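Just so it is clear, the model here is predicted, and its values are computed rather than measured. As a basis for the values below, the full set of heavy atoms in this structure was taken, side chains included, without hydrogen atoms, waters or symmetry mates.
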Amino acid sequence: PADIVHTEYPQVNLPFTAISKTINNSLPQGEEQLVADPLEGLVSMATLLWIFSMAAMLIYGMASLVRLRRRLIGAVCLRDNIYLADHAPAPFVIGIFRPKIYLPSTILEQEQGFIILHEQAHIRRLDHIARIVAFLALAVHWFNPFVWVAFLCAVKDMEMSCDEHVLKQMGFDIKGAYSASLLSFAAGRGRQPISGSPLAFGEGSIKERIKNVMYCKRPAAWVVVVSILLIAALSIGFALNRADRKILTAQAALEVFSAENIGGQVIFVIP
């Protein structure tokens, strides 16, 4: 709560009751909380840590993007917004308003068709912008492990979705060749990030993507319909705020106070 520092009986209300109880039991209680403000120093330090870490993530993202652009100096235009670069270990998209596709200069000619189609699908779906927005959210919520999981899953889903788009456009008989290309990029990349920057949309999750490609098939119509309805229902549900709890005064609580004798036990009900 915003006023937790200057509250006589500060409490947190987390989705996990046990964690909330543990934290609340450790918080200072009573009038001394109003006089000494023992939480103020901790909250101030936590705020500085949050701001510093958020700034560090943003600086890292921008610095890595600048470093990546420097490595792309000398890239040769293949056609339109597609470039060949010697220092690109794998295909990726970079840019916001005029995004460019960079391919490794060693890419085989027979691979260019479906690889370019994959990267164009990213641009058409605005994935390169979505990733930047997601990274900004990650920088703000860097302390939340669920946001890290959501970021990684979102990027992986984008990649798999574009893989499936390529298969639908070029036919499912290219699964073998497509998987071989992904595997070759992974072997050339080693353990280094493919694009070198969290703000550039590069290829990732190679193992999961290859498995998804090999098992990919056209979904049945009823699966699509049910999925759309489920996503719509969940989106509406998550978008709604829970009803605010009504805070009663002591007098109002006494007026609605009730007691009942059930089987020799007195049950008190106080809202």
Interatomic spacing from [atom1] in [X] to [atom2] in [Y] - rounded to 0.5 Å:
{"X": "Phe114", "Y": "Met170", "atom1": "CZ", "atom2": "CE", "result": "7.0 Å"}
{"X": "Trp222", "Y": "Ser227", "atom1": "CH2", "atom2": "OG", "result": "8.0 Å"}
{"X": "Leu68", "Y": "Leu65", "atom1": "CG", "atom2": "CG", "result": "6.5 Å"}
{"X": "Arg209", "Y": "Ser161", "atom1": "CZ", "atom2": "OG", "result": "11.0 Å"}

Give the minimum heavy-atom separation between [X] and [Y], together with the two atoms involved.
{"X": "Ala121", "Y": "His165", "value": "CB-CD2, 3.7 Å"}
{"X": "Asn24", "Y": "Val12", "value": "OD1-N, 2.7 Å"}
{"X": "Met158", "Y": "Ala130", "value": "CE-CB, 3.7 Å"}
{"X": "Val147", "Y": "His141", "value": "CG2-CB, 3.7 Å"}
{"X": "Phe151", "Y": "Ala134", "value": "CD1-CB, 3.7 Å"}
{"X": "Pro91", "Y": "Glu119", "value": "CB-OE2, 3.6 Å"}

Can you list the steps and then say if Gln112 with Leu78 is a side chain to side chain contact (heavy atoms under 4.5 Å, CB included)? CA-CA 11 Å; Gln112 290 186 8; Leu78 183 63; 3.7 Å; yes
State whether the side chain of [X] and the backbone N or O of [Y] hold a donor-acceptor pair below 3.5 Å, judged by distance alone.
{"X": "Ser179", "Y": "Gly176", "answer": "no"}
{"X": "Trp142", "Y": "Met57", "answer": "no"}
{"X": "Asn81", "Y": "Arg98", "answer": "no"}
{"X": "Asp80", "Y": "Ile82", "answer": "no"}
{"X": "Ser53", "Y": "Leu49", "answer": "yes"}

Determine, step by step, whether Tyr102 and Ile94 satisfy the side chain to side chain contact (heavy atoms under 4.5 Å, CB included) criterion, reporting the C-alpha distance in whole Å, the side-chain angles of both residues, the deciding distance to 0.1 Å, and the verdict. CA-CA 8 Å; Tyr102 287 90; Ile94 190 172; 3.3 Å; yes
May I ask whether [X] and [Y] are part of the same hydrophobic cluster, defined by side-chain heavy atoms of I, L, V, M, F, W, Y residues being less than 4.5 angstrom apart, directly or through others?
{"X": "Leu138", "Y": "Val149", "value": "no"}
{"X": "Val76", "Y": "Phe92", "value": "no"}
{"X": "Leu103", "Y": "Leu108", "value": "no"}
{"X": "Leu136", "Y": "Ile59", "value": "no"}
{"X": "Phe52", "Y": "Leu58", "value": "no"}

Could you walk me through whether Trp50 and Val140 pass the side chain to side chain contact (heavy atoms under 4.5 Å, CB included) check? CA-CA 8 Å; Trp50 169 59; Val140 174; 4.0 Å; yes
Within-4.5 Å side-chain heavy-atom neighbours: [X] and [Y]:
{"X": "Gln169", "Y": "Val166", "value": "no"}
{"X": "Arg79", "Y": "Ile116", "value": "yes"}
{"X": "Ile228", "Y": "Ile231", "value": "no"}

Does the pair Gln120 and Cys162 meet the rule for a side chain to side chain contact (heavy atoms under 4.5 Å, CB included), with working shown? CA-CA 9 Å; Gln120 288 174 337; Cys162 289; over 6 Å; no
Ring-plane angle category for His122 and His118, please: parallel below 30°, perpendicular beyond 60°, tilted otherwise. perpendicular
How about Ser20 and Asn13: does a side-chain donor come under 3.5 Å of a side-chain acceptor?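 Distance-only check fails for Ser20 and Asn13.
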